[in-house]
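First comes the structure, then the notes that go with it.
Bear in mind the structure is a predicted one, so any value in this text is a computation, not a measurement. Chain letters run A, B, ... following the sequence lines, proteins first, then strands; residues in each count from 1.
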Protein chains: 2
Amino acid sequence: MVESAPAGLECALLGLLRGAPTHAYELHGRLVRAEALGLVWHLKQSHLYALLTRLEESGFLTSTMEPRGARPPRKMLSLTPSGRDAFAHWAAAPVAHGRDFRLEFLAKLYFAAEEGPTAVAALVERQRAACAAWLADLRAQSAHLSDTQPYAQLVLGFRSSQIEAILAWLETCAAVLEASS
Amino acid sequence: MVESAPAGLECALLGLLRGAPTHAYELHGRLVRAEALGLVWHLKQSHLYALLTRLEESGFLTSTMEPRGARPPRKMLSLTPSGRDAFAHWAAAPVAHGRDFRLEFLAKLYFAAEEGPTAVAALVERQRAACAAWLADLRAQSAHLSDTQPYAQLVLGFRSSQIEAILAWLETCAAVLEASS
DNA sequence: CTCGAATACTCACGATTTGAGTATACCGCG
DNA sequence: CGCGGTATACTCAAATCGTGAGTATTCGAG
């Protein structure tokens with residue numbers, strides 16, 4: 001029950017429990033199988049169990065044993081209000097670093113897409129603003145660099161170009177998901 | 001002395017020991033201070049010591065205690081032939097995943113830049129080929145996707161656009177470092 | 001001469017991640 | 001009918017990673 005904010009991807013697990021209570025095994029099945037999030041996030045079974053245990057210890061979810069006659073019982077998980085809250089906050093906030101895009105932002109986008117075009121548009125717009133700020137910062141740094149540091153120039157150039165590509169891609173996000181709704 | 005291939009960034013440490021034997025403390029100083037690699041790679045002191053210990057245990061480097069009169073002795077590190085070899089192999093090979101660019105590829109580029117425009121050109125060209133292959137693969141995957149999976153399309157689109165940006169940036173690499181040599 | 005910064009290194013711990021294992025129940029096949 | 005393979009559901013010990021915090025000495029500024 002320690003209640004410290006859960007780390008990025010743990011919140012995505014909370015998101016998967018938004019609907020009906022589920023048990024860990026099925027969650028894992030969803031992730032590795034069809035579920036689109038599995039494209040983005042690979043998680044071993046044992047790791048998943050560990051994460052869920054921690055989320056429970058921290059009070060973001062509760063479990064009840066579901067007896068199933070002859071078969072072994074299942075540990076059914078559901079969100080606590082605190083868990084629901086943590087997810088909502090996480091899902092709405094943009095990521096803070098370019099390196100968090102591959103996994104964390106795409107996960108956020110997944111949930112936003114489930115919720116509808118409005119949520120997507122809001123997330124994309126917040127993220128766009130954050131990226132624009134990073135880019136401005138990088139350009140300022142780059143300007144302070146002398147020509148005698150070509151390597152540093154390349155490093156900053158690399159980061160800038162990655163962020164520019166992200167910005168361009170963000171433009172297409174809202175459009176694509178809008179078109180298919 | 002277990003001799004299993006060292007992980008990506010450990011090889012970069014080997015690279016920093018190519019020249020004169022050095023001791024760990026100075027290595028750390030170089031990394032956090034001026035040294036351009038510090039832009040890319042942040043490493044706590046204790047972590048660095050741990051990595052170096054492991055590299056020594058694996059036989060990639062050897063140490064000798066340098067007595068310094070009254071002052072405490074230093075543990076001077078130098079590459080073994082096996083270490084020199086591991087570095088050379090690592091430095092010449094392109095990285096295998098987009099996610100390795102931020103750190104590992106930029107580190108390789110750093111050493112290539114030290115060595116001269118020829119080495120840079122060779123590394124860049126190999127990496128370009130690898131990236132082109134990834135891109136082709138992504139496009140093939142994308143083609144197999146139905147329109148009913150807009151999220152998956154976006155994910156693949158994201159990856160493609162990141163790699164395209166990398167390809168464009170690679171073009172500028174050789175040019176920039178060539179110009180400043 | 002002393003106080004703080006720099007030098008040089010060590011250690012114990014917590015968190016993360018993984019491989020490997022356990023145990024039961026269902027289902028098809030001969 | 002019973003045998004083996006697969007699916008279900010979860011557990012655990014252990015490697016690995018990474019960090020904070022500490023130690024001990026020396027040097028230079030005031």
Can you tell me how far [atom2] of [N] sits from [atom1] of [X], to the nearest Å?
X: A/E57; N: C/dG14; atom1: CD; atom2: C1'; value: 14 Å
X: A/H23; N: D/dT11; atom1: NE2; atom2: C1'; value: 17 Å
X: A/E66; N: D/dT8; atom1: CD; atom2: C1'; value: 13 Å
X: A/Y49; N: C/dT17; atom1: OH; atom2: P; value: 18 Å
X: A/L51; N: C/dT18; atom1: CG; atom2: P; value: 10 Å
X: A/R74; N: D/dT8; atom1: CZ; atom2: P; value: 9 Å
X: B/M65; N: C/dA8; atom1: CE; atom2: C1'; value: 10 Å
X: B/E10; N: D/dT16; atom1: CD; atom2: C1'; value: 11 Å

- Query: Which is true for B/A50 with a 4.0 Å heavy-atom rule: it touches a base, it touches only sugar-phosphate, or it touches nothing?
  - Reply: nothing
- Message: Heavy atoms only, 4.0 Å cut-off, all strands: where does A/Q45 land among base, sugar-phosphate and nothing?
- Response: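 Base, at least one base atom sits under 4.0 Å.
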- Give the ring-plane orientation class for B/F158 versus A/F101, where under 30° counts as parallel, over 60° as perpendicular and anything between as tilted. parallel
Does [X] place a side-chain N or O at less than 4.0 Å from the phosphate oxygens OP1/OP2 of [N]?
X: A/H28; N: D/dA9; answer: no
X: A/R54; N: C/dA15; answer: no
X: B/K75; N: C/dA8; answer: no
X: B/H47; N: D/dC17; answer: no
X: B/Y25; N: C/dT7; answer: yes

- So which one's nearest nucleotide on DNA chain C is more toward 5', A/S46 or A/A7?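 Upstream on the strand: A/A7.
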- Query: Between A/F60 and A/F87, is the ring centre distance below 6.0 Å?
  - Reply: no
- Task: Output yes when B/E164 and B/R128 qualify as a salt bridge under the 4.0 Å nitrogen-oxygen rule, no when they do not.
- Result: no
- Message: Looking at A/E114 and A/R18, is any side-chain nitrogen of the basic one under 4.0 Å from a carboxylate oxygen of the acidic one?
- Response: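 A/E114 and A/R18: salt-bridged.
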- Say whether A/E10 and A/W90, considering side chains only, have a donor N or O and an acceptor N or O under 3.5 Å apart.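 The criterion, which ignores hydrogens and geometry beyond distance, is not satisfied for A/W90 and A/E10.
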